[in-house]
Amino acid sequence: MAQLIDGKALAARIRAELKGKVARLRQERGIVPGLAVLRVGEDPASKIYVTGKKKAAEEIGFNSWEHHLDEKISQPEVLHLIAALNDDAQVHGMLVQLPLPKHLDPDPLIMAVKAEKDADGLHPVNAGRLMLGQRAVQACTPRGIMRLLEEAGVSPAGKRAVVVGRSNIVGKPMALMLLAADATVTLCHRKSDLRAEVERADILVVAAGVPELVKGAWVKPGATVIDVGMNRKPDGKLVGDVEFAAAAERAAFITPVPGGVGPMTIAMLMQNTYDAAARAGR
Ligand code: NAP
């Protein structure tokens, strides 16, 4: 049976460490990290995510602001707010919660956030720096996954890593981080021969958004399985993108859903904001 990689426990430890660092930053340099979150309209999932982020930020001693904007707000009005937050020295990290209402175009909004205040690590400058192997604000979910691998004692160097899903938020930055850590990386999508690729993976990261897409029987014995998927079944149960029980019989390490990747994403958002505050004025 695979050993569980407990993301909930690791995330709690990281948040506790950050709390201590925040207290020291305040004492020694008079800086209080500040996170501003822009939420537009009434998407119910976004409301839950933003509440979670705000709570985590406040618990570790950040200043935290939620700008809840009207569903009908115009693109120039959102850009205007982002410009004001860029100029606000109290704000070290900022994010625009996605998805946005249809009439708003997310790309120019993300682009408008100053790259050094981009708490989500999604700004094209940060994505480009990651690709070039330069220091960047890293996307939260893959950054959290790298920490999970470290926690499990799994070094990517020399391993065959397979990433399922090529989104800008998870799959692509994940592939680049694993590559930077010297894995041999394959990035899969809908046209890939999924089973054949998964069967070769020493490290498997699945972020497709399809419940139990990856069958347990495909998992290479001794592999490390990281399940990013969060899918709500009709009975309300949360399942990942991997058939958990069958995969756990073959893998050496596996993340649970929930309690694996999810808590790490929020912890890394806090880490990115702390890092930005610690860099401020240097
Ligand atoms: P996304 O933007 O919808 O991208 C999904 C990717 O999966 C696409 O590249 C797609 O391929 C690929 N895919 C879909 N069906 C596939 C199939 N049958 N075979 C192979 N590839 C397939 O998704 P995302 O934003 O990365 O999110 C993915 C999942 O992770 C969702 O369940 C989301 O809720 C979850 N998530 C969790 C966290 C967390 O913190 N736990 C954070 C972010 C996302 P194509 O490019 O060919 O369409």
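Just so you know, ligand 1 is whichever comes first in the structure, and atom 1 is the first atom listed for that ligand. Side-chain atoms are counted along with the backbone in the values below, which use heavy atoms only and exclude waters and symmetry mates.
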Provide, to 0.1 Å, the distance between [atom] and the closest protein heavy atom, together with that atom's residue and name.
atom	answer
atom 42 (C) of ligand 1	T141 OG1, 3.3 Å
atom 47 (O) of ligand 1	R166 NH2, 2.9 Å
atom 48 (O) of ligand 1	R190 NE, 2.7 Å
atom 17 (C) of ligand 1	L213 CD2, 3.8 Å
atom 44 (C) of ligand 1	V170 CG2, 4.0 Å
atom 13 (N) of ligand 1	A208 CB, 3.9 Å
atom 20 (C) of ligand 1	H189 O, 3.1 Å

Can you sort out which atoms of ligand 1 are near [X], meaning under 4.0 Å from one of its heavy atoms?
X	value
G165	6 (C), 7 (O), 9 (O), 12 (C)
S167	2 (O), 4 (O), 24 (P), 26 (O)
I169	25 (O)
G229	30 (O), 32 (O)
N231	32 (O)
G209	28 (C), 29 (C), 31 (C), 32 (O)
V210	15 (N)
V228	30 (O), 35 (C), 36 (N), 37 (C), 38 (C), 41 (N)

Taking the side chain from [X] and the backbone from [Y], do they hold a donor-acceptor pair closer than 3.5 Å?
X	Y	result
N231	G240	yes
R29	A278	yes
N86	K114	yes
H123	M111	yes
D241	L213	no
D182	G158	no

Worksheet item: Taking non-hydrogen atoms only, is T265 closer than 4.0 angstrom to ligand 1 via side chain, backbone, both or neither?
Response: side chain
Worksheet item: Are A207 and ligand 1 in contact, using a heavy-atom cut-off of under 4.0 Å?
Response: yes
Worksheet item: Taking the non-hydrogen atoms of S192, is any one of them nearer than 4.0 angstrom to ligand 1?
Response: no
Worksheet item: Any nitrogen or oxygen of M230, main chain or side chain, under 3.5 Å from a nitrogen or oxygen of ligand 1?
Response: yes
Practice prompt. Say whether K191, considering both its backbone and side-chain N or O atoms, lies within less than 3.5 Å of an N or O atom on ligand 1.
Written response: no
Worksheet item: Any side-chain heavy atom of L4 sitting closer than 4.5 Å to one from T255?
Response: no
Worksheet item: CZ of R26: more than 12 outside heavy atoms within 6.0 angstrom?
Response: no
Practice prompt. Report, as yes or no, whether the 6.0 Å neighbourhood of atom NE2 on H103 holds more than 12 heavy atoms from other residues, nucleotides or ligands.
Written response: yes
Worksheet item: Looking at atom 15 (N) of ligand 1, would you say a protein heavy atom lies below 4.0 Å from it?
Response: yes
Worksheet item: Protein heavy atoms: any of them under 4.0 Å from atom 27 (O) of ligand 1?
Response: no
Worksheet entry | M270 and its side-chain contact (heavy atoms from CB on, under 4.5 Å) partner, picked from I14, L35, V22 | L35
Discussion item. Please say yes or no: joined through hydrophobic side-chain contacts below 4.5 Å, possibly via intermediate residues, are V170 and V162 part of one cluster?
Written reply: no
Discussion item. Would you say L238 ends up clustered with V210 if hydrophobic residues are merged whenever their side chains have heavy atoms under 4.5 Å apart, either directly or through other cluster members?
Written reply: no
Practice prompt. Could you tell me whether K215 and E199 have a side-chain N and a carboxylate O separated by less than 4.0 Å?
Written response: no
